[in-house]
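For reference, the structure is listed below as structure tokens.
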Amino acid sequence: MAQPVRLWFKKYGKAKFISHLDLNRTMIRAVRMAKLPIWYTEGFNKHPYITFPAPLSIFVSGENEAMDFKITNSIKFAEIRDKMNKVLPQGIEVIKVSEPVMKVSMIHWAQYKIELLFENCSSMETYEILQSCKNAENLNIEKKTKKGSKIIDVKQYFMNADICYNQTNTVIDIILPCGSTDNINPSLILDAVQDYSDRKFQYTNITRLMLLNDKMEQFQ
Amino acid sequence: MSYKQIEKILPLVQKPGRYCGGELNSVIKNPENIDIRYAFCFPDVYEIGMSHLGMKILYSLKNARDDIWCERVFAPWVDMEEQMRKNNIPLYGLESGDAIKDFDFIGFTLQYELSYTNVLNMLDLAGLPVKSCDRKDLSPIIMMGGPCACNPEPLADFADMFILGEGEEVNLEVIDLYKIHKKKHSTKEEFLEEAAQIKGVYIPSLYNIEYNDDNTVKRITPKNNAPKTIQKRIIADMNNVYYPDKFVVPFIDIVHDRAMEEIFRGCIRGCRFCQAGFIYRPVREKSPETINKQSRALCDSTGYDEISLTSLSTSDYTKLQELLPELISWSQDEMVSLSLPSLRVDNFSPELLEQINKIRKSGLTFAPEAGTQRLRDVINKNILESEILDTCMTAFSGGYSSVKLYFMLGLPTETLDDVAGIAQLAQKIVNLFYSNPNKPKGKGVTVTCSTAVFVPKPFTPFQWEPQDTIDTVKAKQKHLVSSLTSKKITCNWHDSKTSFLEAVLARGDRRQCTVVERAWKKGCKFDSWEEFFDFDKWMQCFDEENIDPQFYANRRRSFDEILPWDHLDYGISKQFLIREAKKAYQAQTTPHCRIQCSGCGANKLEGGKGNGTACSTLV
């Protein structure tokens, strides 16, 4: 009987320019190189079977990302971690390996940290503009999906965001819907804020901190 | 320049994975411990350049030395170029993010003529003058190599040096010489003059070219002790030459995303149109043990699930029957599939098919090159129609139902009957499928005929031949379509205008440099990409430089004409090429090297047997 395993990893630095599809390929090669006793698909082109509970968008870093697979022989979790870290490219790092505690369908939210500055603005000025966006009547933005596009109001999420600043940066801490039923990409929030404030960002740096269930508990 | 600047523009371009570096097995070194910074440039996009085996070999070879740091550079796609120019980001090495204009060497590999404008564009993006004479400093030295370096004259004004032949040894010799000159603070001229003495190194600025009134070459004169002819370099022993045990594994999907194991160099066949078949002589094989060991190391270090055995003609590897079971013994367990490109129809046995079936079933592609036996004899393809049909029968019985065939239009002596012969051959294959009692059930057959336009190339028996004019090619394409007799046959072809420009540049001389520069200045780049190729603009440039492109492409050259590449020696004698050309006109074939030595001259090269013994006895 194959045993399900959940691997937790960070994705940062140059690896944030890697799309989900490319990450999938990178991970498949890594588990092959690490020679893990991983369960392969039975199809004509057999390949290691891995899934990602919550795919991460390109340009977004991740602190606590999950990847699921099954193993066919017993192997210590720490050994999986160490073997993987030997063969992964820089910017992808396994933190730990565990048994899956929650079902993937329990993912409801994700917490993000967004560092940013508006063009020609100090971190304090950026902070003030962001705060003023909270007073907006709405923060409407067009969300494009495979089925077409629709206008959504992201104000409810932005209202509850914590915003702070230091000397160099302004930082938004925000929780957004994540998962198969409802999903909002943090870049949508940024687009909405740009539209409302009629300003452009000088740079943005988005990191997904963790995945959460519907009770706002960390996904495990 | 800091990597931060690059990072800022990456969200604004397609496929940022092309530009960020950081791939598995990419080599990072501390610049403080490095004597030589080397930028290896492939003048096309990442996905194409990263598929190129030669680059992988030379990248790893240089990085195996502690004093050299070799980085990869590809042509940024137009969206990235726009951002780089807008933000003043010069062309940088993927590993360090440092501007390559400050490197010691910038090397370009010349794989096809239509990448020449990209070479210029990359030099410009690096912030360097494109012309060699305008770069006064010792560094960076711009060197170029690869198959197109066998007639590099259209790029002679831009390169500081060309490398002829195989690069594994000569690259390091050049770097070692440069190190001495760098320490001595030599001038660029002092270094180049001494480098010209290294075998395989061609310094174009040390040769003076004079022309006759009829525009043919009158005289090629070396100066400052440069050798009269420059001999290509080859590796004598394929089992002991450096081969990488690691490939950089790209994040994004590339054209050939798999491990590649080179099994031999050169080709025994001598097809008269094929430049590779002559410039890479003599044939030198790796042993099955070497191939097996290297293949396994590559799979272990990359995680690739596919390995491709590469050569010019894989089924000509003498120990294939010994090698395949060895490879399969581990590859099946590790779920690695093997691919064998470049199989020939005349030695494609049912046993071989069975071995391949164990591996993975993909499409079958054969290259008869010409539709009639007469024309196949002219080009010395040495394949009989019966062999093509037998092979298709074997394939159909083995479960295949689609066959792809490669042909060329415009081969020397070709008539409309030869063109129609392509359609007739395809029809015979269709008929064969339906006559086969063992044909795959419930499936129709598809025969795809891909026709390229013949481009005469230097160092082939057809180097004196005129290329068919664009109008003639169009008429032949039309004739081919009208000759088709079944909907099971699909035909597609290359654009004849592209092939015309290739023919012009392939056998061009130094005067074309001005045209290449003008075309680049007018915005020509990515000429091998249909969406960017601007034929009219190129023709305008020829016009403005008062150079007739047809003089290079469509003119029959005489055997006694001095050719622009006559000072370059690829080990193949001109007498042999003339003999072969004359035999071609009489549709006489020449047996391959293992049946009989045809005296091409390659046996005098290292790696050849020397002393007039045939190279084929080597294997």
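Just so you know, these numbers use all the heavy atoms, side chains as well, and skip hydrogens, waters and symmetry mates. What you see is a predicted model; the values in this text were computed from it and never measured. Quick note on labels: first sequence line is chain A, next is B, and so on, each numbered from 1.
- For the pair B/Thr302 and B/Leu24, the tightest heavy-atom approach, listed with the atom from each and the gap, is O-CD2, 4.4 Å.
- For B/Tyr46 and B/Trp77, the ring centers sit 6.0 Å or farther from each other.
- For B/Asp66 and B/Lys29, the salt-bridge test fails: no basic side-chain N is under 4.0 Å from an acidic carboxylate O.
- B/Tyr19 and B/Gln83 are not linked by any side-chain donor-acceptor pair at a separation below 3.5 angstrom, with hydrogens and angles left out of the test.
- Using a 3.5 Å distance cut-off with no hydrogens or angles, the side chains of A/Tyr203 and B/Glu7 do not pair a donor with an acceptor.
- The shortest non-hydrogen separation linking A/Ala2 to A/Trp39 is CB-CD1, 4.3 Å.
- Listed by sequence position, the residues of residues 112-125 of chain A in contact with chain B number zero, using a 4.5 angstrom heavy-atom cutoff.
- We find the CG-OH distance between B/Asn25 and B/Tyr59 to be 8.5 Å, quoted to the nearest 0.5 Å.
- Annotation for B/Arg65: atom CZ counts as buried by contact number, over 12 foreign heavy atoms lying within 6.0 Å.
- Identified by a heavy-atom distance below 4.5 Å to chain B, the contributing residues of residues 57-70 of chain A are A/Ile58, A/Phe59, in residue-number order.
- Ring geometry, B/Phe526 versus B/Trp529: the interplanar angle exceeds 60°, so the pair is classed perpendicular (tilted spans 30 to 60°).
- Both the backbone and the side chain of B/Tyr304 have a heavy atom closer than 4.5 Å to some heavy atom of chain A.
- Within residues 247-259 of chain B, the residues that have a heavy atom under 4.5 Å from a heavy atom of chain A are B/Val249, B/Pro250, B/Phe251, B/Ile252, B/Asp253, B/Asp257, listed by number.
- For residues 24-33 of chain A, the interface with chain B (any heavy-atom pair closer than 4.5 Å) comprises A/Arg25, A/Thr26, A/Arg29, A/Arg32, A/Met33, sorted by residue number.
- Counting only heavy atoms from C-beta outward, the side chains of B/Asp44 and B/His52 never approach each other to under 4.5 Å.
- Taking both residues in full, the closest heavy atoms of A/Lys155 and A/Lys134 are given as CE-O, 3.3 Å, listed atom of the first, atom of the second, then distance.
- By the 6.0 Å contact criterion, CD on A/Gln131 is enclosed, its count of non-hydrogen atoms from other residues, nucleotides or ligands being greater than 12.
- A salt bridge links B/Arg296 with B/Glu334; the closest basic N to acidic carboxylate O contact falls under 4.0 Å.
- Taking 4.5 Å as the limit, every side-chain heavy atom of B/Arg18 sits out of range of all side-chain heavy atoms of B/Phe74.
- The number of heavy-atom neighbours closer than 6.0 Å to CG of B/Asn30, taken from other residues, nucleotides and ligands shown, is above 12.
- Atom OH in A/Tyr40 sits 10.5 Å away from atom CD1 in A/Ile50 (nearest 0.5 Å).
- Residue A/Arg208 holds its CZ atom at 4.5 Å from CG of A/Leu56, rounded to the nearest 0.5 Å.
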